[in-house]
Number of protein chains: 2
Amino acid sequence: MATISDVAARAGVSTATVSRTLNGKTTVDPALAARVLAAAAELGYRPNGPARNLRKQETAVIALIISDVENPFFTAIARGAEDVAHSAGYSVVLCNSDDNPDKEREYIDVALQERMAGVLLSPSGRSANVEPLLRSGTPVVAVDRPLPGSAGDAVLVDSRLGAKQATAHLAEQGYQRIGCITGPSGVLTADERLAGYREGLRAAKRSTSNALVRRSEFKAAGAKRAAYSLLTQANAPDALLVANNAMAVGVLETMAELELRPGRDVGVVVFDDAPWTTLLDPPLTVVAQPAYDMGTVAAQLLLSRISGERTEATTTTLSAHLVVRQSSSRN
Amino acid sequence: MATISDVAARAGVSTATVSRTLNGKTTVDPALAARVLAAAAELGYRPNGPARNLRKQETAVIALIISDVENPFFTAIARGAEDVAHSAGYSVVLCNSDDNPDKEREYIDVALQERMAGVLLSPSGRSANVEPLLRSGTPVVAVDRPLPGSAGDAVLVDSRLGAKQATAHLAEQGYQRIGCITGPSGVLTADERLAGYREGLRAAKRSTSNALVRRSEFKAAGAKRAAYSLLTQANAPDALLVANNAMAVGVLETMAELELRPGRDVGVVVFDDAPWTTLLDPPLTVVAQPAYDMGTVAAQLLLSRISGERTEATTTTLSAHLVVRQSSSRN
DNA sequence: ATGAAAGCGCTAACAT
DNA sequence: ATGTTAGCGCTTTCAT
């Protein structure tokens, strides 16, 4: 593959001139420039990225470290981030941490080694994995969950408020014993949704018993078991707030097995909208999160940090909104 | 950030010794090695990726160019590819081409510039974008759709057979006028599914009229319109084969609006399984594609090419399988 | 406006 | 077994 020297030789100029014409920093004599362009085209020249990166001490690559792209919520974030990055000339490296601090650390190491320009991170937990990043001065912006130390930029959604509104809505619809299935303790979004649920309960003067709460992984299988345990106990809930979309699948499976109809028998509100939620009978009431926007906003923020913006750390909180459909009403 | 010379100085050895201990190519005196490791740790040394890449003339990065990660089929491919790549020490750069040849070309350019080790590509169309890749000797493996020139490695699924079986199944269930909603002409998977549908029709001696076929983008909106046009015409179909999951959403929306119940009124089989297909009433009969496996197989193949394996081009065809549920039977 | 040359940080001959 | 040294291909002073 042709190098800059090949192009220079062919055009009868120095490598410096080639570099200048191709990068357009300084002005170059039009005649020479034309020769350079022609030579480059003839040779099919493509600048060597690694060489340029080494010389410039910077790369146009960012890492996106999320728990799992197969979760539609993160998929949308990924898409948003990639769109913004791409149009700014950056590439994004996809990293699935599975909420495993060790994997997270591995990916952070890679980002550091490759001198990536920045990282978009949905932190797996309280661990101090991020510290090396910060120490190296690599810009980081947290998505969905804040950085453990809580300093630094973050793009979050107010899921506590979303949960509160959802719970209040359920109460308003006449449900009396509202339960909640949320994620693991320590995962901020899980805890926030639970907190919002409790706030909603208090505001609506409904009973707030731990017997109505279950935790599991943010996955269908765990939620399915949790729903079963909740719905078959004495004094079972007559409504459920479910903390994410994958969990909803499990919960609805259990309900089908128990022949409990959403809405009529057990009111249901779930986090995250999805195309298929309207196809169910009854259609699902959801708390929709602006996932794609989180991706774009986070990427924009990261890019501005990369380009040296030095204002103080910001945390942008987008709002979730309740989309009322029929799974949260009795008829 | 510390360089290899800093480490060498601190350990009182040459940079070559540092490089050797850290990469473990040749054996190094244990005493020296210990000093090197200590020095590296104290300085928080991390090898400079771009420098190493430049020197070695290779990178541990592959590009994954797909039409859209938000499509769950591609999401699963992405996840599979990333898992394999990661455990082999490679990173994957996510590229959404939106089936747009121009974007595809941009991403291929980036891959070339950055001297990525290989590319996993789901080609957007017939265009000759791939040619530069091939010319540069960059390993490429096609996923889901073969490379336009049809040479080269590919990991596909036999969606023609899947479509044929699905159609035959529908016929067996007693449906008479079986229709098909597929993707744009020229997109191989769309054409193959249509071909399989026709084969199935012929095998079952059912009428095979173009009036029962519609094409649209592989998206919900287009499919929704297509379904409407199909189902409201004279001699409307009494069953439908739908070529992907996103389209299924549109089709089912139309059916709901027209108060047509899947199975009883119009038999339905759709491509791609998804967690929610069992939650519908009736549960959807699907042609399940092994998307995650396609990702892993393709990545493995790519990695073997990268490491210099020079056997002839292979095309691996995985099979789709029909999962019969209730949307394809009358009762 | 252009060229010569240094050097980014690393690995791999080559020499010892 | 270890050190010396030459580059990988590029950008960017520094001269001219």
Side-chain angles (χ1 to χ4, degrees), chain A residues 1-37 39-40 43-61 89 109-117 136-137, chain B residues 1-37 39-40 43-61 89 109-117 136-137:
Chain A
M1 178 148 272
T3 74
I4 199 173
S5 320
D6 298 331
V7 178
R10 178 148 193 146
V13 300
S14 72
T15 62
T17 298
V18 175
S19 176
R20 282 194 272 254
T21 59
L22 263 30
N23 297 301
K25 288 293 190 185
T26 336
T27 168
V28 179
D29 184 287
L32 289 196
R35 267 157 51 200
V36 168
L37 263 12
L43 295 170
Y45 171 70
R46 287 169 201 277
N48 182 309
R52 157 183 286 172
N53 294 339
L54 172 57
R55 173 62 230 239
K56 301 185 69 171
Q57 300 282 70
E58 66 184 47
T59 62
V61 179
D109 272 347
V110 173
L112 250 18
Q113 291 234 148
E114 296 307 319
R115 307 299 195 260
M116 293 185 190
S136 76
Chain B
M1 180 150 271
T3 74
I4 199 173
S5 321
D6 299 331
V7 178
R10 179 150 195 146
V13 298
S14 73
T15 60
T17 299
V18 175
S19 176
R20 281 194 274 255
T21 59
L22 263 29
N23 297 301
K25 287 297 189 181
T26 335
T27 167
V28 179
D29 185 288
L32 289 197
R35 267 157 52 201
V36 168
L37 263 11
L43 295 170
Y45 171 69
R46 287 168 201 278
N48 182 308
R52 157 182 287 176
N53 295 339
L54 171 58
R55 175 61 231 239
K56 301 184 68 171
Q57 299 282 69
E58 66 184 45
T59 62
V61 179
D109 272 347
V110 173
L112 250 19
Q113 292 236 148
E114 296 308 318
R115 306 301 195 258
M116 293 186 190
S136 75

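Source: prediction; values computed, not measured. Residue numbers begin at 1 in each chain, while the letters A, B, ... track the order of the sequences.
- Closest heavy-atom contact between A:T17 and A:V36: CG2-CG2, 4.5 Å.
- Between the C1' atom of C:dG9 and the CZ atom of B:R46 lies a distance of 16 Å, rounded to the nearest Å.
- For C:dG9, the OP1/OP2 oxygens have no side-chain nitrogen or oxygen of B:T3 closer than 4.0 Å.
- Considering every non-hydrogen atom in both B:R35 and B:A11, the closest pair reads NH2-O, 2.8 Å.
- Comparing C:dA1, C:dG3, C:dC10 by their closest approach to the side chain of B:A51 singles out C:dC10.
- Within the 4.0 angstrom heavy-atom criterion, only backbone atoms of the sugar-phosphate kind lie near B:T27; the bases stay farther away.
- The heavy-atom pair separating B:T15 from B:S5 by the smallest distance is CG2-CA, 3.9 Å.
- Contact check for B:T21 versus B:L32: no side-chain heavy atoms found under the 4.5 Å cut-off.
- Within the nucleic acid shown, B:P50 has no heavy atom closer than 4.0 Å to any nucleic acid atom.
- Proximity of B:N23 to the phosphate of C:dT11: a side-chain N or O atom is located under 4.0 Å from OP1 or OP2.
- Side chain of B:T59 to main chain of B:R115: a donor-acceptor pair is present (N/O by atom type, distance under 3.5 Å, no hydrogens or angles).
- B:D6 approaches B:M1 most closely through the heavy-atom pair OD2-O, 4.4 Å.
- Here the range on DNA chain D touched by chain B, meaning any atom under 4.0 Å from one of its heavy atoms, is D:dA1 to D:dG9.
- Fit an axis to the five pairs at each end of the helix from C:dA1-D:dT16 to C:dT16-D:dA1 and the two axes sit 40° apart, to the nearest 10 degrees.
- Residue pairs satisfying the salt bridge (Lys or Arg N to Asp or Glu O under 4.0 Å) criterion with at least one member in residues 15-33 of chain A, sequence neighbours excluded, are absent.
- Listed by chain and number, the residues in a side chain to side chain donor-acceptor pair (under 3.5 Å) with B:S136 are B:T138 (sequence neighbours excluded).
- Rounding to the nearest 0.5 Å places CG of A:N23 at 5.0 Å from CZ of A:R52.
- When rounded to the nearest whole Å, the span between CG of A:N53 and P of C:dG9 equals 13 Å.
- Between the side chains of A:N53 and B:E114, at least one donor N or O sits under 3.5 Å from an acceptor N or O.
- Taking 4.0 angstrom as the limit, A:T17 places a side-chain polar atom (N or O) nearer than this to OP1 or OP2 of C:dG3.
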Below 3.5 Å is the cut-off: list the nitrogen or oxygen pairs between protein and nucleotides 12-16 of chain C, distance only.
residue: C:dA12; atom: O4'; partner: B:R55; partner atom: NH2; Å: 3.2

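- Take A:N48 and apply the side chain to side chain donor-acceptor pair (under 3.5 Å) test, not counting sequence neighbours, and it matches no residue.
- Where B:S14 and A:L54 each meet DNA chain D at their nearest nucleotide, the meeting point lying more 5' is that of B:S14.
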